[in-house]
2 protein chains.
Amino acid sequence: MRYRDENKVQAIRESAIAMVAKDGLENFGINRLAKAAGVSPATIYIYYKDKEDLLTSISIEEGLKMTTATLKGFSSDMSFKEGLWVQWKNRAAFALDNHLSAEFFEQLRNSTYKDKMVEAISDAFQSAMGNYVKNAIDRGEINEMPLEVYWSVAFAPLYSLIKFHNEGQSLGGRKFKFSEKVMKETFDCVIKGLLK
Amino acid sequence: MRYRDENKVQAIRESAIAMVAKDGLENFGINRLAKAAGVSPATIYIYYKDKEDLLTSISIEEGLKMTTATLKGFSSDMSFKEGLWVQWKNRAAFALDNHLSAEFFEQLRNSTYKDKMVEAISDAFQSAMGNYVKNAIDRGEINEMPLEVYWSVAFAPLYSLIKFHNEGQSLGGRKFKFSEKVMKETFDCVIKGLLK
DNA sequence: TTTGAAAATGAGCGTTTGCTCACTTATCTT
DNA sequence: AAGATAAGTGAGCAAACGCTCATTTTCAAA
């Protein structure tokens, strides 16, 4: 018996993430991936059934990693404001520290592969955030609202900021830079809108 | 001389939009498009230089259409709250009435093709919204902030809601449905956060 | 009615795609 | 040392890819 070389499967995974993040999902291919990972195309099919399986498997792994990072130091008993701030810091830190993973994830979230991925991850989100939001409503900190409305108001602005930062786009003349100061400024707007 | 058949070029454009919206950018191809549009592959190259030119051209057209629709009944002299509500209604109406265009646009905004597209459109956005925001700041309705922060707080939640609606995802048990009531509820949160 | 020029095409080019197979290599157990 | 088994591979298949070209079709101008 021969043991599997963990360096190999890791090289495949990391190359896939980097390739999708940098060249886009539309330019991702198995032969290309094999070359980038320094591996035979056939080797990839030892670990993954096909191209779709590879992409969805990796995206679920990365998504769970992201969800976990998001919950560091978070408890559903926290006050609404404190809890949301912890979430923002965690999410921003993850997106900036692991920006290849974050961009890979974004690519898949906007693709035909998204269904299985979202399904696998929304449970973790649901169970962690459900109680937190419910507690905040019970305590009278925020109004009752659909979870989708909550997510859209509470997190979409943050991810939009990160996107502006990563893409280096600018709506004005100078280039936009994400910073703790900008994040706090945006957070203050958001929390003001959410609190009763 | 033979005149160009406008039905043909329109069929190409509409098929391209539908195909990208439904199957994703990663499954879009010229031969496939030709078949769907009822046209020879060679015909496509009469109107577009290559695949990239086709996608960027169409995305710029659709983007400008979207920007125009967004400004219907809008004036940069409006009060901040009234102006933003007009924008929300216009943007939501466009996204729901032309959901293939909107999904096509979203696909390209998250791809390697985005650069030329964003460049072409952000001017129109800039000139229309710049004054409006500046006026609101001068009148003391909102605080001064980077345009990116403004966009992220003012519009990202709306687009997030539309995405939940179109993708039929749900964060909870029942399926989420976008409605004027939900939109107003979300708008109230956002405007409360933005106004001084 | 003829003619010229642009529109439109089907066949198919060279390349790349996702994926497989016959085979070699490495490492365990005996 | 030999045998067994899974890891890993290079070459390459069929199909699909982006794109072109020799040719035909169309129609306003002459």
Side-chain angles (χ1 to χ4, degrees), chain A residues 1-60 104 107-108 111-117, chain B residues 1-59 61 104 107-108 111-117:
Chain A
M1 230 258 286
R2 178 182 179 181
Y3 282 152
R4 69 159 58 174
D5 184 346
E6 278 302 328
N7 294 334
K8 225 140 243 178
V9 58
Q10 196 171 325
I12 293 171
R13 192 170 43 228
E14 283 174 11
S15 298
I17 292 172
M19 186 172 291
V20 170
K22 289 201 278 195
D23 304 335
L25 197 54
E26 73 274 15
N27 294 120
F28 172 82
I30 294 290
N31 290 347
R32 205 178 307 225
L33 169 62
K35 201 160 286 179
V39 150
S40 163
T43 304
I44 295 174
Y45 289 89
I46 295 172
Y47 298 104
Y48 302 101
K49 182 170 146 287
D50 54 22
K51 187 186 172 185
E52 173 170 344
D53 180 48
L54 182 147
L55 287 169
T56 53
S57 297
I58 295 179
S59 69
I60 289 174
F104 170 88
Q107 286 280 321
L108 284 194
S111 77
T112 51
Y113 298 102
K114 68 166 178 290
D115 285 348
K116 287 168 191 168
M117 186 185 91
Chain B
M1 231 261 283
R2 179 181 178 182
Y3 283 153
R4 69 159 59 172
D5 184 344
E6 277 304 327
N7 293 335
K8 223 139 247 179
V9 57
Q10 196 170 325
I12 293 171
R13 191 169 41 228
E14 283 174 11
S15 297
I17 291 171
M19 185 172 291
V20 171
K22 288 202 279 197
D23 303 335
L25 196 54
E26 73 274 16
N27 294 121
F28 172 83
I30 294 291
N31 290 346
R32 205 182 303 239
L33 169 62
K35 201 161 283 178
V39 148
S40 164
T43 305
I44 295 174
Y45 289 91
I46 295 171
Y47 299 104
Y48 301 101
K49 181 169 147 288
D50 54 21
K51 188 187 173 185
E52 173 171 342
D53 180 48
L54 183 147
L55 287 169
T56 52
S57 298
I58 294 180
S59 70
E61 284 170 27
F104 170 87
Q107 286 281 322
L108 285 195
S111 77
T112 52
Y113 298 103
K114 67 165 180 290
D115 285 347
K116 287 169 190 167
M117 187 186 91

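Quick note: numbers below take in every heavy atom, side chains included, and nothing from hydrogens, waters or symmetry partners. Values in this document were obtained by computation on a predicted structure and should not be read as measured data. Chain naming here is simple, since letters A, B, ... match the order of the sequence lines and numbering starts at 1 in each.
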Q: Going by the side-chain hydrogen bond (donor to acceptor under 3.5 Å, both in side chains) test, name the single residue among B/Lys8, B/Glu6, B/Glu14, B/Arg13 that passes it with B/Gln10.
A: B/Glu14
Q) Roughly how many Å is it from CD1 in B/Ile12 to C1' in C/dA8, rounded to a whole number? A) 10 Å
Q. Could you state the CZ-P distance from A/Arg2 to D/dA6, rounded to the nearest angstrom?
A. 13 Å
Q) Which residues within residues 26-55 of chain A lie with some heavy atom under 4.0 Å of an atom in DNA chain C? A) A/Phe28, A/Gly29, A/Ile30, A/Asn31, A/Arg32, A/Pro41, A/Ala42, A/Tyr45, A/Asp50, A/Lys51
Q: State, yes or no, whether a side-chain contact exists between A/Phe28 and A/Leu33 at a heavy-atom distance under 4.5 Å.
A: yes
Q.
Main chain of A/Asp53, side chain of A/Thr56: is a donor-acceptor contact present, judged purely on distance under 3.5 Å?
A. yes
Q.
List the residues meeting side-chain contact (heavy atoms from CB on, under 4.5 Å) with B/Arg32, not counting sequence neighbours, and say none if there are none.
A. B/Met19
Q | Nearest listed nucleotide, side chain of A/Lys8, among D/dT9, D/dA28, D/dA7 | A | D/dT9
Q) Taking the side chain from B/Glu26 and the backbone from A/Leu25, do they hold a donor-acceptor pair closer than 3.5 Å? A) no
Q | Any B/Leu55 side-chain heavy atom under 4.5 Å of B/Val20 side chain | A | yes
Q. Once you round it to whole Å, what is the distance between C1' of C/dC28 and OH of A/Tyr3?
A. 7 Å
